[in-house]
Amino acid sequence: MPDTLSITDNRTGKTYEVPIEDGTIKALDLRKIKTDAEDFGLMAYDPGFMNTAACKSRITFIDGDKGILRYRGYPIEQLAEQSDFLEVAYLLYFGELPTRSQLDDFKRTVLSHTIIHEQTKKFIDGFRHDSHPMGAFLSTVAALSTFYREVKNIFDAQNRVIQFERMVAKMPTIAAFCYRHSVGMPFAYPDNDLSYAGNFLNMMFKGTETKFKPNPVLERAMDVLFILHADHEQNCSTTTMRGIGSSHCDPFTALAGAAAALYGPLHGGANEAVLKMLVEIGSKDRVPEFIRRVKAGEGQRLMGFGHRVYKNYDPRAKIIKKVAFEVFEVTGRNPLLDIALELERIALEDDYFVGRKLYPNVDFYSGLIYQAMGFPTEMFPVLFAIPRTPGWLSQWEEQILDPEQRIVRPRQVYLGYDEREYVPMAIREESTQTV
Ligand code: ACO
C-alpha cells in the first residue's frame with residue numbers, strides 16, 4: 001500500500017495524491033489543490049494548532065490517551081524517582097544521560113553561574129513594591145540579554161552551551177530576588193554549597209541565620225516539582241519560544257517571551273487559579289454546588305482539570321499528589337486539600353468530566369504544595385518558569401538547527417472588507433452632520 005493520501009476536490013472533480021510521512025501530510029501540498037490558475041490554493045485552517053505539527057522533535061514524547069510522558073525516551077516516573085533536576089536539564093539539552101564526571105562538571109558550572117550582575121538588582125528595585133513577581137521576572141530575563149553581547153551568536157555551539165548553563169543557573173536567583181523585592185526583604189545571595197533546589201529555597205526564605213539549611217523533604221519535593229515541569233513538548237510557551245526563536249533573536253529575549261506566554265491562567269497561571277477557586281469554594285460541603293455551576297457554564301471552569309493533550313490522568317499529577325502528602329507531613333496539612341480531594345472525587349465520577357476526558361492536570365495539586373511550603377500564590381508561575389528553562393532552551397536549539405524550519409509566519413483567512421475608497425475627514429464630518 002503506498003504511503004499517500006488521495007484527495008478528490010468535489011469543486012473540480014480532480015484527484016490529487018499527497019505523500020504521507022511520519023503520519024502527516026505537508027500543509028504546503030494542499031496548495032496545489034486549486035479551482036483555477038488564479039486560485040491561491042487550499043490551506044489548512046487550524047486555530048489553536050489543534051491538529052498541526054509545527055516541528056519534528058526528539059526531546060519529549062507524550063501519549064495523551066495513555067497518560068505517558070517521557071524526556072528523551074525516559075519515563076517521567078523513573079526520572080522523578082531516581083534523577084535530580086540538573087541531571088534532567090542535562091538530559092533534555094544534550095540528549096543523553098551524563099556520565100558521573102559530565103554531571104559533576106555540569107553541576108559545578110551551573111552553580112558557579114548563579115550570581116547575577118549587581119546592576120540587575122537595580123532593575124528589580126525599579127519595580128513597584130506590589131508588582132507581580134512574574135512580570136518582574138520576565139522583564140528582568142529580557143533585560144539580561146543586554147548584559148551578554150555574545151548571546152546574539154546563536155550559531156556558535158559553544159556559546160549556546162554557555163548561555164544554557166548561565167540561564168539555568170540564574171533563573172532561581174532572578175526569581176528569588178523578584179520575590180524578596182515584592183515583600184521588602186534584602187536579597188539573599190546564592191549559597192553554592194547547597195543543591196540547585198536547596199539554594200533556591202535559601203534565596204527565597206533565608207532570614208537572619210548565617211547559613212540556611214533546607215529541610216531535606218521540602219528540598220527533594222522542590223527538585224521533583226522542577227523535574228516534572230522541565231519540558232512538555234509543544235505547549236503554548238514552548239511554541240512561543242520557538243516562534244520568537246525562529247526570527248533568530250537571542251535566547252534570553254525568546255525566553256522572556258515564553259515566560260510571558262506561561263503567565264496566563266490557562267497555562268502556567270492555572271495553579272494560582274486553582275487555589276483561588278478552592279478558597280472561593282471554602283468548604284467540602286459546597287463542592288457539589290460548585291460542580292453544578294461549572295457544568296451549567298454559570299461560573300468558571302474547574303481549574304486544574306483538563307488538558308489539550310492528556311485525555312487521561314496527567315502522569316505528573318499522580319506524582320505530585322504523592323509529593324503533596326510527603327510535604328504536608330512536614331508543613332502540616334493544607335486545609336484546602338480536603339476541598340481538592342472532594343472536587344477530584346466528584347469530578348472523576350461525573351459524566352460531564354468523564355465524557356469530556358477531563359482529569360486533574362499538573363496544576364491541580366502543585367499550588368497546594370507551594371502554598372504549604374510558604375510560597376505566595378503570585379510566585380507560582382515563576383516556579384514554573386525556572387524549571388521550564390532547560391526545556392525551552394532545548395526546544396529553541398532544536399528549532400534553530402533544524403534545516404526544515406523557517407521563520408514562523410502563519411496564514412490567515414481574510415474575512416474583512418474588500419477594497420474600498422478612502423473617505424477624507426472633511427467628507428466624513430460632512431456626512432455625520434447631515435445625519
Ligand atoms: N472545566 C470544565 N469544563 C471544561 C474544562 C474545565 N477545566 N476544560 C475543558 N472543559 C470542557 C469545555 O467547556 C468543552 O466542553 P464542550 O465540548 O461542551 O464545549 C470541552 O471540555 C473541551 O474543552 P476545550 O476548551 O475545547 O479544551 P482545550 O483543549 O481547548 O483546553 C484547557 C484545554 C485550556 C487546559 C482547558 O481544559 C482548561 O481551561 N482547563 C482549566 C485551566 C487549566 O487547568 N489549565 C492548565 C493546563 S496544564 C498547563 O498549562 C501546565
Side-chain angles (χ1 to χ4, degrees), residues 45-52 60 62 64-65 67 69 71 76 134 224-241 258-278 280-281 287-321 336 339-340 342-370 377 379-389 391-392 395:
Y45 176 60
D46 190 8
F49 303 124
M50 299 287 286
N51 194 37
T52 296
T60 290
I62 300 176
D65 291 329
L69 169 61
Y71 298 158
I76 192 67
M134 188 63 168
V224 171
L225 284 158
F226 280 173
I227 292 173
L228 300 182
H229 286 90
D231 195 48
H232 211 232
E233 52 117 309
Q234 309 312 317
N235 52 78
C236 175
S237 55
T238 302
T239 301
T240 307
M241 181 86 193
L262 189 66
Y263 201 170
L266 295 189
H267 192 11
N271 49 10
E272 187 174 349
V274 170
L275 274 199
K276 281 192 187 136
M277 172 187 77
L278 295 176
E280 268 168 45
I281 297 174
V287 168
E289 170 58 12
F290 177 80
I291 296 269
R292 187 199 65 72
R293 286 183 40 236
V294 168
K295 284 164 42 179
E298 285 173 16
Q300 57 172 316
R301 287 182 164 194
L302 174 49
M303 299 311 284
F305 257 68
H307 199 277
R308 172 62 58 78
V309 177
Y310 292 118
K311 301 303 169 194
N312 198 324
Y313 215 98
D314 179 338
R316 301 167 302 173
K318 272 190 199 148
I319 301 168
I320 283 191
K321 194 171 172 184
L336 297 175
I339 305 173
E342 184 68 357
L343 267 177
E344 185 186 1
R345 188 186 68 74
I346 296 185
L348 291 180
E349 287 173 355
D350 192 296
D351 285 349
Y352 175 95
F353 297 94
V354 175
R356 288 170 178 77
K357 299 188 175 173
L358 300 170
Y359 293 89
N361 60 46
V362 68
D363 287 319
F364 193 65
Y365 285 104
S366 62
L368 290 173
I369 303 179
Y370 293 145
T377 45
M379 275 299 282
F380 293 178
V382 183
L383 293 171
F384 197 152
I386 296 170
R388 187 51 63 86
T389 296
W392 282 331
Q395 300 273 352

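Ligands are counted one by one from 1 in listed order, and the atoms in each one are counted from 1 as well.
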Asker: I need the atoms of ligand 1 closer than 4.0 Å to a non-hydrogen atom of Arg308, numbered in the order shown.
Answerer: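 In order of numbering, the contacting atoms are 28 (P), 29 (O), 30 (O), 33 (C).
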
Asker: So which heavy atom in the protein is nearest atom 3 (N) of ligand 1, and how far is it from that ligand atom?
Answerer: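 Closest protein heavy atom to atom 3 (N) of ligand 1: Tyr352 OH, 3.0 Å.
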
Asker: Which atoms of ligand 1 have any heavy atom of Leu266 under 4.0 Å away?
Answerer: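 By the 4.0 Å cutoff, the relevant atoms are 39 (O), 45 (N), 46 (C), 47 (C), 50 (O).
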
Asker: As a test of the contact definition, would atom 39 (O) of ligand 1 count as having a protein heavy-atom neighbour under 4.0 Å?
Answerer: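 Protein heavy atoms within 4.0 Å of atom 39 (O) of ligand 1 - there is at least one.
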
Asker: With a cutoff of 4.0 Å, is Phe364 in contact with ligand 1, counting heavy atoms of the residue only?
Answerer: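 No, Phe364 has no heavy atom closer than 4.0 Å to ligand 1.
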
Asker: Ser237 and His267: which non-hydrogen atoms are nearest, and at how many Å?
Answerer: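 It is OG-NE2, 3.0 Å.
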
Asker: Enumerate the atoms of ligand 1 whose separation from the nearest heavy atom of Gly304 is less than 4.0 angstrom.
Answerer: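 Within the 4.0 Å cut-off of Gly304, ligand 1 contributes 43 (C), 44 (O).
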
Asker: Under 4.0 Å from a heavy atom of Phe384: which atoms of ligand 1 are those, numbered in the order shown and with their elements?
Answerer: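 So the answer, numbered in order with elements, is 51 (C).
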
Asker: Got a protein heavy atom sitting under 4.0 Å from atom 22 (C) of ligand 1?
Answerer: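 Under 4.0 Å from atom 22 (C) of ligand 1, zero protein heavy atoms found.
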
Asker: Name the closest protein heavy atom to atom 2 (C) of ligand 1, giving the residue it belongs to and the distance to 0.1 Å.
Answerer: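 Of the protein heavy atoms, Val294 CG1, 3.6 Å lies nearest.
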
Asker: Based purely on interatomic distance, does Phe305 place a nitrogen or oxygen under 3.5 Å from a nitrogen or oxygen of ligand 1?
Answerer: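 Between Phe305 and ligand 1 (N or O atoms, distance only) the closest approach is under 3.5 Å.
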
Asker: My understanding is that we take every heavy atom of each candidate and find the minimum distance to atom 32 (C) of ligand 1. Doing that for Arg301, Arg316, Lys357, Arg356, which one comes out nearest?
Answerer: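 That would be Arg301.
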
Asker: Have a look at Asp363, Leu358, Val309 and point out the one with the heavy atom closest to atom 9 (C) of ligand 1.
Answerer: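 Shortest heavy-atom distance from atom 9 (C) of ligand 1: Leu358.
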
Asker: Atoms of ligand 1 less than 4.0 Å from Val362 heavy atoms?
Answerer: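 Answer, ordered by atom number: 51 (C).
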
Asker: Protein heavy atoms near atom 27 (O) of ligand 1, is at least one of them under 4.0 angstrom away?
Answerer: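 No; the ligand atom in question lacks any protein heavy-atom contact below 4.0 Å.
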
Asker: Just jot down the ligand 1 atoms closer than 4.0 angstrom to any heavy atom of Ala270, in number order.
Answerer: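 Those of ligand 1 that fall under 4.0 Å from Ala270 are 43 (C), 44 (O), 45 (N), 46 (C).
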
Asker: Give the atoms of ligand 1, by number and element, whose distance to some non-hydrogen atom of Leu302 is under 4.0 Å.
Answerer: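 Counting atoms of ligand 1 from 1, those under 4.0 Å from Leu302 are 1 (N), 2 (C), 6 (C), 7 (N).
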
